[in-house]
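To keep things clear, I will list the structure first and then write my remarks on it.
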2 protein chains.
Amino acid sequence: MSESVEMSLAEAYDLSLGCLLANGCDGENARAVTETMIAAERDGAASHGLFRLPGYVAALRSGKVDGGAAPTVNRLAPGVVQVDGHGGFAPLALERGRAPLVEATREQGIAALSLIRIHHFAALWVEIEALCEAGLAALACTAYMPAMAPAGGREALYGTNPMAFGWPRRNGPPVVFDQASAAMARGEVMIAAREGHELPPGVGLNPDGQATTDPNEVLKGVMLPFGGYKGSSIAMMVELLAAGLVGERFSFEAAQHDNKDGGPPRGGEFILALDPARFGDAGWMDHCEGFFEKMLSIEGVRLPGSRRHANRDKMAAGAIKLPAQLHEKIQELAGK
Amino acid sequence: MSESVEMSLAEAYDLSLGCLLANGCDGENARAVTETMIAAERDGAASHGLFRLPGYVAALRSGKVDGGAAPTVNRLAPGVVQVDGHGGFAPLALERGRAPLVEATREQGIAALSLIRIHHFAALWVEIEALCEAGLAALACTAYMPAMAPAGGREALYGTNPMAFGWPRRNGPPVVFDQASAAMARGEVMIAAREGHELPPGVGLNPDGQATTDPNEVLKGVMLPFGGYKGSSIAMMVELLAAGLVGERFSFEAAQHDNKDGGPPRGGEFILALDPARFGDAGWMDHCEGFFEKMLSIEGVRLPGSRRHANRDKMAAGAIKLPAQLHEKIQELAGK
């Protein structure tokens, strides 16, 4: 049950790439999707790593996702860049939107990237980090399938609806948080179910609307927002930005159209980018570095994202441990 | 102790206006500040109503705030409007920035309003509603004085750092949430202290860093973010947007400079506005109305802001009840 297969990141990359190519992805899409999963493995974020590969493959095999989709970029307004993913996976669409978004943001001070007709199945910090590395601050959010009840209700309406935000640093990696609007990310609940762990209280309700700590019951029932009605408001905002604003499906609509193959549904994503250099304070970087120093001076406080970056440093010369069952499944999907 | 004075909104308006004029506000500032407090009274939001007037007056009397400040508007970039409040209260600065922000947003699709050198002491839904009434979606946030420990810490660093978000509706008032990043708004803790109510658990720590439900202990100690580390991340984002980005003081810096007169410290505010009509989906309004209908179809679920709007409807022909002690204090401050 706890058996695992050790491999280098390069081996994991090849494993993923081969599997996606064998299932209908073209080279560009297979590379972009693989890079996103490998970034998660590198940072110790297993729930967004190769754990997602069977879902990607399921979506290719069912024909829901076009593995050869070529995303197109369209400037809708001076501050609005839209990428139409044409029914492909999100990573290549995000890649194609990045340079136009950075350019628009430097020019306008603030800009939005609207992504439509994509299938998003990954962590959001990947796209946020790339923007921060260009010196910008950024926020991203995406809706998903209904999994979470709005405050006061017992029926799923919102996806786990992650929101991520990042800020560039002078030296070293940006400060990035990436958090589900649910009390726990669905991926973590899935991992708890797979590994037989109990959940902390407050994560979700069973199919009868009663509180439970059994991950399998929560996966069949409904999850709860973090922090009660305040987290519920954040989840609503994510729906409005990632679906209402960009013109894509709300979580409840995604579920109505999805073929339930286990892969990501069609949806949208909203990304906001800000160029601090265009807001009038030439000393913004020093000012913010002082703030981060102040945060770190408080006992017990860490910068969001620091654990991932510590994992990344450790991983540089190390190996990942893939659960043996997942490794076998991927080899099978790759036709090996 | 629970004695109160009934008065119409018009009478409350005159009471506030006279008091501010008697304490060094010019007509424009007294009107703008009064309108903001009266809007809160009208909506049954006592913690942001005339309850704040003694704090405004204290800041005028100590000379911290300039009651005759004339805010100036500056377009920093195509998508960035800055209002310099020149050390005055926020309401007039917000008013002056509104039309330029709406214009920039319609032109660019997305725009930011950066407010600096203001003293903000009010609810954020006031400025959000005004933007939604112009057909825009909007987000606002502001930092304040350190009152809340970051996740993991026991020392105040963040203000209660409210964030508000609103979305326009076809008919009727917009959907708006306005929530502190703290488990409870500081104004509510102050009211609980004044009225002798206990707090729910999880709101804060006493001066020794221990959990307590005594509002007086929490006011002397430190508040906690809503939803643990996720609410803490939101509070950090608010600091970075409302201080780091706009070039104003972080909460911890505001405290270092404030004269502790009980009035609002100098700080900044960040407002983001989005024009859904520029994001490529002509049917966005119908699409979002369908989402709100879906929300309301779930038993127990309300739209954020609906309680305020219900209060507003009731208040149209009614009277507010001002605590007798507050009424007396205001009359005294007005020199009556």
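Throughout, a chain's letter reflects where its sequence line sits, starting with A, and its residues are numbered from 1.
- Proximity to chain B (any heavy atom under 4.5 Å) is shown, for A:S233, by both the backbone and the side chain.
- In this structure, chain A has a heavy atom under 4.5 Å from the backbone of B:A111, while its side chain stays farther away.
- In this pair, A:H287 and B:F250 present their aromatic rings tilted. The plane angle is within the 30 to 60° band.
- Listed by sequence position, A:L139 are the residues of residues 137-144 of chain A in contact with chain B, using a 4.5 angstrom heavy-atom cutoff.
- Relative orientation of the B:F270 and A:F279 rings is tilted, given thresholds of 30° and 60° on the angle between their planes.
- Both the backbone and the side chain of B:I110 come within contact range of chain A, with heavy atoms under 4.5 Å apart.
- Between chain A and the options B:E239, B:M285, B:R302, B:Q82, the largest number of non-hydrogen pairs under 4.5 Å is found for B:E239.
- B:D178 places a side-chain N or O within 3.5 Å of a backbone atom of B:W125 that can act as its donor or acceptor partner.
- Ranked by non-hydrogen atom pairs under 4.5 Å with chain A, the options B:V175, B:D281, B:L157 are led by B:L157.
- When each of B:M236, B:E299, B:M163 is checked for heavy-atom pairs under 4.5 Å with chain A, B:M236 comes out on top.
- Between chain A and the residues B:E155, B:E107, B:R154, B:M237, the largest count of heavy-atom pairs under 4.5 Å involves B:M237.
- The choice from B:S181, B:A180, B:A243 that makes the most heavy-atom pairs within less than 4.5 Å of chain A is B:A180.
- Ion pairing of A:E248 with A:R266 is present here, as a side-chain N (NZ or NE/NH1/NH2) and a carboxylate O approach within less than 4.0 Å.
- Ring geometry for A:Y158 against B:F291 counts as tilted: the plane angle lies between 30° and 60°, on a 0 to 90° scale.
- With respect to B:E103 and B:R75, no salt bridge is recorded, no charged nitrogen being found less than 4.0 Å from a carboxylate O.
- Each of B:L274, B:I128, B:T105 was evaluated against B:L136; a single residue qualifies, B:T105, per the side-chain contact (heavy atoms from CB on, under 4.5 Å) test.
- Both the backbone and the side chain of A:L240 come within contact range of chain B, each with at least one heavy atom under 4.5 Å from a heavy atom of that chain.
- Under a 4.0 Å N-O distance rule, the pair B:D286/B:R170 qualifies as a salt bridge.
- A salt bridge between B:R106 and B:D275 is absent, with no side-chain N of the basic residue lying under 4.0 Å from a carboxylate O of the acidic one.
- Heavy atoms of other residues, nucleotides or ligands lying less than 6.0 angstrom from CZ of B:R169 number more than 12.
- Proximity to chain B (any heavy atom under 4.5 Å) is restricted, for A:P304, to the side chain, taken from C-beta onward.
- Panel note: side chain B:Q179, backbone A:K230; a donor-acceptor pair is recorded below 3.5 Å.
- With a 4.5 angstrom heavy-atom cutoff, A:A183 touches chain B only via backbone atoms.
- With chain B as partner, the option from A:F165, A:W284, A:Y229 having the largest number of non-hydrogen pairs under 4.5 angstrom is A:F165.
- Taking the six-membered ring for Trp, B:F226 and A:F226 have ring centres closer than 6.0 Å.
- Proximity to chain A (any heavy atom under 4.5 Å) is shown, for B:I116, by neither the backbone nor the side chain.
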